[in-house]
Amino acid sequence: VGNGKTLTEMPVVKDTVTMVPLRSVAEALGCTVTWNQDEQSATISDSARQLTVYLGKDSFMSAPASETGLVGTPTPVSLGCAPYAEDGRIWVPAKAFETMVGYTVTVDGTSVQIAPEKAAD
């Protein structure tokens with residue numbers, strides 16, 4: 001995960017998609033996670049952007065934080081597997097963090113690296 005942090009939870013593969021635990025990855029990246037019980041959704045946010053995911057729905061779309069003036073992803077994208085809950089955790093495709101814009105996701109065998117994109121020199 002970003003900032004040189006390593007998580008002990010191993011990613012899992014579901015329907016050929018590498019899944020990661022949402023809260024622990026988001027918080028390791030410095031994001032906050034808000035759960036909406038009524039909508040069965042979680043919103044991941046940082047100072048520049050946010051991403052809302054819905055349990056059972058393979059549809060991912062990010063939006064910029066209102067004060068930034070940035071553009072998010074204008075249309076929802078499918079990542080091949082919907083978020084799901086298991087053992088008290090929500091699992092999302094690792095690539096969801098790439099959809100959030102500003103993060104690079106690299107999946108290599110049994111490891112996943114998620115890091116903030118580097119600014120161009």
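For clarity, every value in this text was computed on a predicted model and none was experimentally measured. Position 1 is the first residue of the sequence; numbering continues from there.
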Any idea which heavy atoms bring [X] and [Y] closest together, and the distance?
X      : Y      : value
Pro93  : Cys81  : CG-O, 3.3 Å
Ile90  : Pro83  : CG2-CB, 4.4 Å
Pro21  : Ser24  : CG-OG, 3.2 Å
Tyr103 : Phe97  : CB-O, 3.4 Å
Ala96  : Leu51  : O-CD2, 3.4 Å
Lys95  : Val105 : NZ-O, 3.4 Å

Next item on the list: Answer with yes or no whether the hydrophobic clustering places Val77 together with Ile44; edges join I, L, V, M, F, W, Y residues whose side-chain heavy atoms lie under 4.5 Å apart.
Entry: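 Both belong to a single hydrophobic cluster.
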Checklist line | Single-linkage hydrophobic cluster, 4.5 Å side-chain cutoff, Trp35 and Leu22 together | finding: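 In one cluster with Trp35: Leu22, yes.
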Notebook entry, point to check: Taking Gln40 for the side chain and Leu55 for the main chain, is one N or O donor matched with an acceptor at less than 3.5 Å?
Noted result: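 No, Gln40 side chain to Leu55 backbone: no donor-acceptor pair under 3.5 Å.
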Notebook entry, point to check: Looking at CD of Gln50 and OG1 of Thr32, how far apart are the two atoms once the value is rounded to the nearest 0.5 Å?
Noted result: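 Nearest 0.5 Å value for the CD-OG1 distance: 9.0 Å.
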Item checked: Residues that Ser41 engages under side-chain contact (heavy atoms from CB on, under 4.5 Å), provided they are two or more places apart ->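 Checked Ser41 against side-chain contact (heavy atoms from CB on, under 4.5 Å); matches are Asn36, Glu39, Thr52, Tyr54.
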Next item on the list: Each residue besides Val12 in its hydrophobic cluster should be listed here, by chain and number; the cluster joins Ile, Leu, Val, Met, Phe, Trp and Tyr at side-chain heavy-atom distances under 4.5 Å.
Entry: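 Its cluster partners, ordered by chain and number, are Val17, Met19, Tyr84, Trp91.
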Item checked: Option among Val92, Leu79, Val33 that satisfies the side chain to side chain contact (heavy atoms under 4.5 Å, CB included) test with Val53 ->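 Testing Val53 for a side chain to side chain contact (heavy atoms under 4.5 Å, CB included) against Val92, Leu79, Val33 leaves exactly one candidate, Val92.
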